Amino acid sequence: MTTDIRSTKKLNNGVEMPWFGLGVWQVEEGEDATKSVTAAIKAGYISIDTAAAYKNEESVGKAIRESGVAREDLFITSKLWNGDQGYESALAAFDSTMEKLGLDVLDLYLIHWPVKGKYKDSWRAMEKLYKEGRIRAIGVSNFQPHHLDDLLADAEVVPAVNQIEFHPLLTQNELLDYCAQKGIQVEAWSPLAQGKLFDNEAVTTIAEKYGKSPAQVLLRWVLDKGVVVLTRSVKEERIVDNANIFDFQLTAEEVDQLNALNKNERTGPDPDNFNF
C-alpha cells in the first residue's frame, strides 16, 4: 500500500520517483503557478510536474528555490514540446528549460507527444543528456504501444516512465500491460476525468463508505492500480485535500467496480490523431 505522500516507486534505472505529485498544466505563469507549487511543497508534496508547453517553468523554479526544501528532497519533471523535437533542437530546448527552472539537474524529462518522424531523434538527444548526468531519468508521455515499439527498436535506454491520460473512463489496459512487461512505469494525467465521474453512483458510494470525496476515491484508485498520479489545483485547500488519500485503500472489488466504468473515453487529445 502506498502509505504517505513521500512514498516512492523505484524506476527501471534505480531512481526513486514519488507515487504522488502536483501537475501545473493550465496554471498561469506568475503568482498562480508560484502559489500552487509553494502550497503543494508546504503540504508535503515532493514531486512537481511542469513542461515547456505550460509556459510556467520560471514560476515553478522560483517556488522551488524559495521553498526552503533541499533540492535533493524534491523530484522535478519537465517535458520536451512538439515544436522543439529533433536532435539539436531537443538539446537546445532542454537548456532553455533548465535555465527557466534554475536547476542543474532534472529528475525526469519526458517527450511530451509522439511527433511522427521526430521522437526518435529527440530520444537520442535525451539519451545523451541522461548519460551526461544532466537528467536522472528519461521517459515519454502519451506514447501508445506501437510508438514504444518503434522507439525501442533503436533506443539504448528504455524509457523509465510513460505519462498518459488515465482514469476509470479510460483504463488503457493494453498499454498498462505493455509498460509492465517492458519495465516502464505508467503515470496518470487527468486522473479525475475533468469531474465527469464525481456524480457517478459507484464512485459516490465508495466515497461515502470511506468518508472521502469522489476526487479522493479516484486518486486512490489510480494508486491502487500501480500507477503514479498527478493532481492539479491552484487552491491551497484543494491541494491539501487531494493529498489526503493515504489513510485508506480500495478493496479489489471496489477497484473492479471502477474499472468497469471504462468507455475508452478521452478528455484530451488522441496520441494517434493530434495536430499540434
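All values below were derived from every heavy atom in this structure, side-chain atoms included, with hydrogens, water molecules and symmetry-related copies excluded. Note that this is a predicted model, so its numbers are computed, not measured.
For the pair Val158 and Leu152, the minimum side-chain heavy-atom distance is below 4.5 Å. Contact annotation: the side chain of Trp123 approaches that of Val140 to within less than 4.5 Å [non-hydrogen atoms, C-beta and beyond]. The shortest distance between side-chain heavy atoms of Pro145 and Glu174 falls below 4.5 Å. Residues Asp272 and His146 form a side-chain contact, since some pair of their non-hydrogen atoms from C-beta on lies under 4.5 Å apart. The closest side-chain heavy-atom distance from Pro191 to Leu218 is not below 4.5 Å. Looking only at side-chain heavy atoms (C-beta outward), Pro271 and Phe143 stay at 4.5 Å or farther from each other. Using a 4.5 Å heavy-atom cutoff, the side chains of Phe246 and Arg220 are in contact. Here the side chains of Leu223 and Ile245 are in contact, with some heavy-atom distance below 4.5 Å.
No path of Ile, Leu, Val, Met, Phe, Trp and Tyr side chains, each step under 4.5 Å between heavy atoms, connects Val115 with Ile138, placing them in separate hydrophobic clusters. No single ILVMFWY cluster, assembled from side-chain heavy atoms under 4.5 Å apart, contains both Phe274 and Leu148. Hydrophobic clustering (ILVMFWY, side-chain heavy atoms < 4.5 Å, transitive): Leu101 and Val105 are in distinct clusters. No continuous path of hydrophobic side-chain contacts links Leu175 to Leu170 [ILVMFWY only; heavy atoms under 4.5 Å]. Trp113 and Val161 are not part of a single hydrophobic cluster, where members link through side-chain heavy atoms under 4.5 Å apart.
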Check against side chain to side chain contact (heavy atoms under 4.5 Å, CB included), Asn200 and Leu261: CA-CA 9 Å; Asn200 178 274; Leu261 300 177; 3.7 Å; yes

Check against side chain to side chain contact (heavy atoms under 4.5 Å, CB included), Ile46 and Asp73: CA-CA 7 Å; Ile46 56 175; Asp73 293 335; 5.7 Å; no

Check against side chain to side chain donor-acceptor pair (under 3.5 Å), Asp49 and Gln163: CA-CA 11 Å; Asp49 177 284; Gln163 186 184 115; 3.0 Å; yes

Candidate pair Lys35 and Glu236, rule salt bridge (Lys or Arg N to Asp or Glu O under 4.0 Å), full reasoning: CA-CA 8 Å; Lys35 279 187 172 182; Glu236 184 168 5; over 6 Å; no

Trace of the side chain to side chain donor-acceptor pair (under 3.5 Å) decision for Asp247 with Tyr210: CA-CA 10 Å; Asp247 56 352; Tyr210 291 105; over 6 Å; no

Worked verdict on Lys120 versus Gln85 for side chain to side chain contact (heavy atoms under 4.5 Å, CB included): CA-CA 9 Å; Lys120 294 179 84 162; Gln85 287 199 37; over 6 Å; no

Test log, rule side chain to side chain donor-acceptor pair (under 3.5 Å), inputs Asn264 and Asn262: CA-CA 6 Å; Asn264 296 321; Asn262 180 54; 3.1 Å; yes

Side chain to side chain donor-acceptor pair (under 3.5 Å) between Thr267 and Glu165, worked out: CA-CA 8 Å; Thr267 65; Glu165 181 177 351; 2.8 Å; yes

Side chain to side chain contact (heavy atoms under 4.5 Å, CB included) between Ile239 and Ser36, intermediate numbers included: CA-CA 8 Å; Ile239 288 169; Ser36 179; 3.9 Å; yes

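Heavy-atom minimum distance, Val186 versus Cys179: CG2-CB, 3.6 Å. Shortest non-hydrogen contact noted between Trp221 and Val255 is NE1-O, 3.5 Å. Across all non-hydrogen atoms, the minimal contact from Ala137 to Ala160 is CB-CB, 4.2 Å. Looking at every heavy atom in both residues, Ala43 comes nearest to Ile5 through O-CD1, 4.0 Å. When all heavy atoms of Leu151 and Pro159 are compared, the pair lying nearest together is CD2-CG, 3.8 Å. Of all the heavy atoms in Ser190 and His167, the pair that sits closest is O-CD2, 3.1 Å.
Note on Lys212 versus Asp241: no salt bridge recorded, every NZ/NE/NH1/NH2 to OD/OE distance being 4.0 Å or above. Ion pair Asp107/Arg71 flagged as a salt bridge, since at least one NZ, NE, NH1 or NH2 atom sits closer than 4.0 Å to an Asp/Glu carboxylate oxygen. Salt bridge present: Lys209 and Glu254 bring a charged side-chain N and a carboxylate O closer than 4.0 Å. Under the 4.0 Å criterion applied to side-chain N and carboxylate O atoms, Lys62 and Glu58 are not assigned as salt-bridge partners. The pair Asp121-Arg124 meets the salt-bridge criterion, with a side-chain N (NZ, NE, NH1 or NH2) lying under 4.0 Å from an Asp/Glu carboxylate O.
The environment of NZ in Lys131 is crowded: more than 12 heavy-atom neighbours from other residues, nucleotides or ligands sit within 6.0 Å. Residue Asp256 places its CG atom among more than 12 non-hydrogen atoms of other residues, nucleotides or ligands, all under 6.0 Å distant. By the 6.0 Å contact criterion, CD on Glu72 is enclosed, its count of non-hydrogen atoms from other residues, nucleotides or ligands being greater than 12. Shown here is Glu16, whose CD atom has more than 12 heavy atoms of other residues, nucleotides or ligands within 6.0 Å.
Tested against Glu57 for a side-chain contact (heavy atoms from CB on, under 4.5 Å), the candidates Leu103, Thr50, Ile76 yield a single pass: Thr50. Each of Val37, Val69, Leu74, Thr231 was evaluated against Tyr45; a single residue qualifies, Thr231, per the side-chain contact (heavy atoms from CB on, under 4.5 Å) test.
To the nearest 0.5 Å, atoms CD (Glu127) and OG (Ser122) are separated by 11.0 Å. In this structure, Glu201 CD and Gln257 CD are separated by 10.0 Å, a value rounded to the nearest 0.5 Å. Note that CD of Glu66 is 7.0 Å distant from OG1 of Thr34, once rounded to the nearest 0.5 Å. In this structure, CZ on Phe75 lies 4.5 Å from CE on Met17, to the nearest 0.5 angstrom. With values rounded to the nearest 0.5 angstrom, Glu253 atom CD is found 9.0 Å from Ile206 atom CD1. For the atom pair OG1 (Thr171) and CG (Leu176), the distance works out to 8.0 Å, reported to the nearest 0.5 Å.
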Report all side-chain donor-acceptor pairs from residues 18-30 shorter than 3.5 Å, counting only partners two or more places apart or in another chain.
unit_1: Trp19; atom_1: NE1; unit_2: Thr8; atom_2: O; d: 3.3
unit_1: Glu29; atom_1: OE1; unit_2: Ser59; atom_2: N; d: 3.3
unit_1: Glu29; atom_1: OE1; unit_2: Ser59; atom_2: OG; d: 2.8

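Counting only N and O atoms by type, the side chains of Asn82 and Asp84 include no donor and acceptor under 3.5 Å apart. Looking at Asn259 and Lys225, their side chains do bring a donor and an acceptor atom within 3.5 Å of each other.
A centroid separation of less than 6.0 Å is found between the aromatic rings of Trp81 and Phe276. Checked against the 6.0 Å centroid criterion, the rings of Phe166 and Trp189 do not qualify as a close aromatic pair.
Tyr119 and His147 have perpendicular rings, their planes meeting at more than 60° on a 0 to 90° scale where under 30° would count as parallel.
A cation-pi geometry, defined here as NZ or CZ lying under 6.0 Å from the six-membered ring centre and within 45° of its normal, does not hold between Lys128 and Tyr130.
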